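The structure appears right after this line, and notes come after that.
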Amino acid sequence: MAGTGSSTYEGFSAQERAAMKAHALDQKKAARRGSAAEKAAEAERDVLAKIAEMQESDRIMAERVHAVVTAHAPALAPKLWYGMPAYASDGKVVCFFQSAEKFKARYATLGFSDLAKLDEGPMWAAGFALTEVTPEVEARIAELVKRAT
């Protein structure tokens, strides 16, 4: 398309490019793995390693989210998705944890894809800001992931 000179689009941000590169690497690693069990075990190790790399506040929340999701929605398989911890059903992401640091946001996010069965009428939340994971927040996450699957 010919530009008019008035466009302010400057391309993807450095964080967006890094996320796309991480996603491509995740896909390549997954393609090289052997059996389904080996792939699942390696995917979970990748998620735990990514969580371990996070800054302390995000890491603590991501560890708690991981524990709650794996305990209350065992049908969801951990995997990396654009370099973020995510939980999938049949290979398709249902929910994910986005650290605040990743996109320089003021809070971490627990997000849900359109596959999550969280529908409540004509409008419902698909993302939740997290500043800490309290017992009340853990209970809410458990309820959401159970409904999502």
Side-chain angles (χ1 to χ4, degrees), residues 1 7-120 123-134 137-149:
M1 285 178 35
S7 176
T8 60
Y9 179 74
E10 296 181 21
F12 295 107
S13 70
Q15 293 87 3
E16 290 167 330
R17 284 191 305 277
M20 288 185 284
K21 286 179 182 177
H23 180 63
L25 181 62
D26 297 341
Q27 295 298 318
K28 287 178 186 176
K29 283 176 70 176
R32 282 180 275 182
R33 295 184 183 136
S35 72
E38 290 170 339
K39 287 181 180 184
E42 185 67 25
E44 181 154 20
R45 283 193 294 271
D46 290 346
V47 166
L48 294 173
K50 184 58 72 173
I51 290 170
E53 293 172 4
M54 293 179 185
Q55 289 182 350
E56 184 178 11
S57 61
D58 285 341
R59 182 179 36 71
I60 291 167
M61 287 188 289
E63 288 170 346
R64 294 306 313 140
V65 167
H66 180 77
V68 171
V69 172
T70 55
H72 295 280
L76 295 179
K79 68 182 273 178
L80 287 180
W81 183 63
Y82 292 98
M84 296 179 284
Y87 305 88
S89 176
D90 295 324
K92 297 184 179 175
V93 171
V94 174
C95 64
F96 60 91
F97 177 85
Q98 179 179 304
S99 71
E101 177 189 21
K102 184 165 185 75
F103 292 105
K104 300 186 183 351
R106 68 181 180 100
Y107 50 79
T109 304
L110 176 63
F112 291 87
S113 76
D114 59 334
L115 298 176
K117 299 172 183 143
L118 299 178
D119 306 34
E120 292 179 356
M123 184 175 150
W124 59 89
F128 298 85
L130 295 173
T131 56
E132 68 176 308
V133 179
T134 64
V137 171
E138 286 185 12
R140 179 72 172 135
I141 293 169
E143 186 265 324
L144 286 168
V145 297
K146 284 179 192 175
R147 278 184 41 211
T149 56

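Just so it is clear, the model here is predicted, and its values are computed rather than measured.
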Within the supplied structure, the quantity of interest is the number of heavy atoms (other residues, nucleotides, ligands) at a distance under 6.0 Å from D119 CG; does it exceed 12?
yes

Would you check if F128 and F112 make a side-chain contact, meaning some heavy-atom pair closer than 4.5 Å?
yes

Over all atoms of both residues, closest heavy-atom pair of L76 and C95:
CD1-SG, 4.2 Å

Is any side-chain heavy atom of Q98 closer than 4.5 Å to a side-chain heavy atom of F103?
yes

Using modelled atom types and a 3.5 Å cut-off, is there a donor and acceptor pairing between side-chain atoms of E16 and backbone atoms of S13?
yes

Starting at CE of M84, measure out to NE2 of H23 and round the result to the nearest 0.5 Å.
10.0 Å

Taking only residues two or more places apart in sequence or in another chain, which ones pass ring pair (Phe, Tyr, Trp, His ring centres under 6.0 Å) with H72?
none

Nearest heavy-atom pair of A71 and P74: which atoms, and what distance?
O-CD, 4.0 Å

Going by heavy atoms in the side chains, are V133 and I60 under 4.5 Å from each other?
no

Holding to side chain to side chain donor-acceptor pair (under 3.5 Å), I want the full list of residues that pass it with E56, two or more places apart in sequence or in another chain.
none

Do you know which two heavy atoms are closest between A129 and Y107, and how far apart they sit?
CB-CD1, 3.3 Å

If every non-hydrogen atom of D58 is compared with every non-hydrogen atom of S99, which pair is closest and at what distance?
OD2-CB, 3.2 Å

For T149 and K117, which heavy atoms make the closest approach, and how far apart are they?
C-NZ, 4.1 Å

For the residue pair K39 and E42, establish whether any side-chain heavy-atom pair is separated by less than 4.5 Å.
no

Quick one, E143 and R140 - any side-chain contact, counting heavy atoms below 4.5 Å?
yes

Main chain of G111, side chain of T109: is a donor-acceptor contact present, judged purely on distance under 3.5 Å?
no

Sub-4.5 Å side-chain heavy-atom contact between K102 and Q15:
no

For the student: nearest non-hydrogen atoms of P78 and A43, plus distance:
O-CB, 3.4 Å

Does the separation of the ring centres of H66 and F97 fall below 6.0 angstrom?
no

With the side chain counted from C-beta on, respond yes when P85 and Y87 share a heavy-atom pair under 4.5 Å apart, and no when they do not.
yes

Find the distance between CE (M61) and CD (E132) and round it off to the nearest 0.5 Å.
8.5 Å

Check: V65 and I141 side chains under 4.5 Å, non-hydrogen atoms:
yes

Any side-chain to backbone donor/acceptor pair from R59 onto I51? Under 3.5 Å, distance only.
no

Return yes if some donor-acceptor pair links the side-chain N/O of E44 with the main-chain N/O of A41 below 3.5 Å, else return no.
no

